[in-house]
Amino acid sequence: MAETTIGIAELTAWLRRFRELVGGNRGYLTELDSAIGDADHGANMDRGMAAVVAKLEETPAETADDLFKRTGMTLVSTVGGASGPLYGTFFLRLGTSLGAVAEADATAFGAALRAGLEGVVQRGKAEAGDKTMYDALAPALEAYDGAVAGGSSLAEAAHAALEAAAAGRDATVPLVARKGRASYLGERSAGHLDPGATSATLLFQALDDTLAGK
Amino acid sequence: MKKLINDPDRVLADSLVGYAAAHPEVRVDHENRIVYRATPKDSGKVGLVSGGGSGHEPLHGGYVGLGMLDAAAAGEVFTSPTPDQVQEATKNVDFGAGVLHIVKNYTGDVMNFEMAAELASAETGAQVETVVVNDDVAVQDSLYTAGRRGVGTTVLLEKIVGAAAEEGRPLAEVAALARQVSESGRSMGMALTSCTVPAAGKPTFDLPDDEMEIGIGIHGEPGRRRVPLAPASDIARMLVEPVLADLDFTASPAIVMLNGMGGSPLIELYLMYGEVVKLLEAAGVTVARRLVGDFITSLDMAGCSLTVLKADDELIRLWDAPVNTPGLRWGV
């Protein structure tokens with residue numbers, strides 16, 4: 001039978017894998033940000049996730065709320081820019097939604113991701129098609145929920161989320177940015193991948209990598 | 001990349017060490033990357049906190065001191081400071097009359113200061129008012145952008161509002177004055193070259209030798225328009241016209257700032273000022289006060305920006321009030 005829960009060890013591994021992917025893509029994210037932003041997304045996310053992993057190594061988390069609240073606060077206090085409050089709020093809400101549990105089923109995890117997205121929307125006020133991280137996150141959650149409703153395992157739902165996130169990310173290329181620094185470029189922001197949607201896709205890549213083969 | 005640095009990831013930390021050594025009149029909290037006055041102002045006066053990404057020096061740390069800011073939180077290069085930094089600064093310069101946050105309109109800065117104000121109010125009950133400066137006429141202000149960027153008017157605002165806070169005016173009045181100044185200033189910038197963020201190691205954008213970028217911000221984010229290189233008199237027109245088209249400056253005295261982006265020598269900035277002031281006067285603008293030099297920069301970018309502030313007798317009086325900071329100093 002397919003695995004239907006995600007435990008604290010896997011949740012922690014998810015964050016570690018995200019840190020590896022962000023580190024490996026540091027230059028790429030910064031390059032994307034140079035084209036339509038201010039050339040710091042890779043360096044900022046790398047610094048933030050390195051700090052998160054260092055904190056978790058010092059004191060491993062035993063519950064989901066501890067894990068994600070510490071992750072969120074660390075990102076808020078180390079990343080800066082817009083990504084700090086946005087990713088920070090995402091993880092803080094994830095923690096609040098999951099609560100003091102050591103594992104979550106697919107539905108609870110999906111609800112937590114949804115709460116995270118709502119936090120991002122509240123903080124950044126982005127909508128679909130604004131050329132932001134929302135354009136990867138929202139379709140990913142849509143796909144995840146659909147998969148779970150259709151009886152998929154958590155790992156299968158995570159894979160569906162990754163594919164939808166990647167498609168959402170790629171669909172940001174022709175968009176004209178309406179939020180963040182890229183919006184200053186107007187029409188000139190079209191023709192480029194959005195760095196925020198790209199890093200948000202790495203988050204689902206990390207989840208898929210962590211759960212793959214389960 | 002050729003820069004006077006040790007390690008691209010330690011530029012800010014190392015620079016703050018030198019800043020503290022060069023300016024004993026300020027105190028630097030190296031852990032939280034906050035610049036304070038060495039001697040705090042009297043209790044009962046409004047505290048002024050600003051901050052933003054680094055790379056715009058002397059903004060903001062250079063404007064901490066008598067008659068201007070009480071604290072400045074320094075973010076990484078071109079990256080907003082974090083909420084905990086701003087919260088810490090807010091807590092330490094709340095002298096019992098509340099704190100004004102002066103924020104440049106960038107998505108990250110606005111979000112981080114917003115979180116900081118929430119945290120500070122929750123922790124100590126601090127009264128926090130916020131003014132968001134958005135004076136860059138190069139950016140279209142519409143539902144479809146993050147709004148106009150905050151640039152040169154920030155410098156003039158910190159000076160004028162700093163003088164009012166020094167006089168002991170209450171928070172509501174200081175905040176109202178800040179909004180008046182913010183609404184009365186307009187800026188337009190241009191770049192001859194890109195800038196190089198130390199952590200990125202190469203220029204943020206490519207700009208051929210025979211072209212320039214009009215409507216540039218202060219982060220090397222490309223501007224609105226790329227045009228062939230032109231004589232200074234034409235460049236002056238490209239800066240003055242959109243500023244004057246956006247607000248009527250003829251009815252009141254104006255404060256004018258011709259600002260260098262960091263990589264243009266003073267000889268060129270003065271030349272540009274000469275061109276700009278000629279056009280302003282021809283358009284009926286009375287220049288009452290002026291600043292020429294590097295006040296809000298973009299690392300090593302060559303280029304300049306023009307800021308014009310519609311003033312009145314009261315703003316001029318506050319402008320003339322004593323100021324004693326590393327970046328601006330007169331009347332003391």
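Residue numbering restarts at 1 for every chain, and letters A, B, ... go by the order of the sequence lines.
Taken to the nearest 0.5 Å, the CG atom of B/Asn112 stands 9.0 Å off from the CZ atom of A/Arg123. Distance CE/A/Met73 to CG/B/Asp84: 6.5 Å, rounded to 0.5 Å. Atom CE in B/Met111 sits 4.0 Å away from atom CG in A/Leu86 (nearest 0.5 Å).
Residue B/Thr107 comes nearest to A/Ala82 through the heavy atom pair CG2-CB, 4.1 Å, listed as atom of the first residue, atom of the second, then distance. The nearest pair of heavy atoms linking B/Ala200 to A/Ala39 is CB-O, 4.3 Å.
In B/Asp206, the CG atom is not crowded: 12 or fewer heavy atoms of neighbouring residues, nucleotides or ligands sit closer than 6.0 Å. Within 6.0 Å of CG in B/Asp209 there are 12 or fewer heavy atoms belonging to other residues, nucleotides or ligands. The number of heavy-atom neighbours closer than 6.0 Å to CD of B/Glu123, taken from other residues, nucleotides and ligands shown, is above 12. Within a 6.0 Å radius of NZ in B/Lys202, no more than 12 heavy atoms belonging to other residues, nucleotides or ligands are found. By the neighbour-count criterion of 12 heavy atoms within 6.0 Å, atom CD of B/Glu118 is densely surrounded, having more than that number from other residues, nucleotides or ligands.
With chain A as partner, the option from B/Thr82, B/Val77, B/Asp9, B/Val110 having the largest number of non-hydrogen pairs under 4.5 angstrom is B/Thr82. For the set B/Pro81, B/Gly52, B/Ser80, the entry with the most heavy-atom pairs within less than 4.5 Å of chain A is B/Ser80.
Proximity to chain A (any heavy atom under 4.5 Å) is shown, for B/Asn32, by neither the backbone nor the side chain. The part of A/Val79 that comes within reach of chain B is its backbone (N, CA, C, O), which places non-hydrogen atoms under 4.5 angstrom from that chain. Contact of B/Arg33 with chain A is not made at all, since no heavy-atom distance falls under 4.5 Å. For a residue to count as touching a neighbouring chain, one of its non-hydrogen atoms must lie under 4.5 Å from one of that chain's; by this rule A/Thr78 touches chain B with the backbone only. Using a 4.5 Å cut-off between heavy atoms, A/Ser77 touches chain B through backbone and side chain atoms alike.
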> Taking it one step at a time, do A/Val76 and B/Met115 satisfy side chain to side chain contact (heavy atoms under 4.5 Å, CB included)?
Replying inline: CA-CA 9 Å; A/Val76 161; B/Met115 283 187 99; 4.1 Å; yes
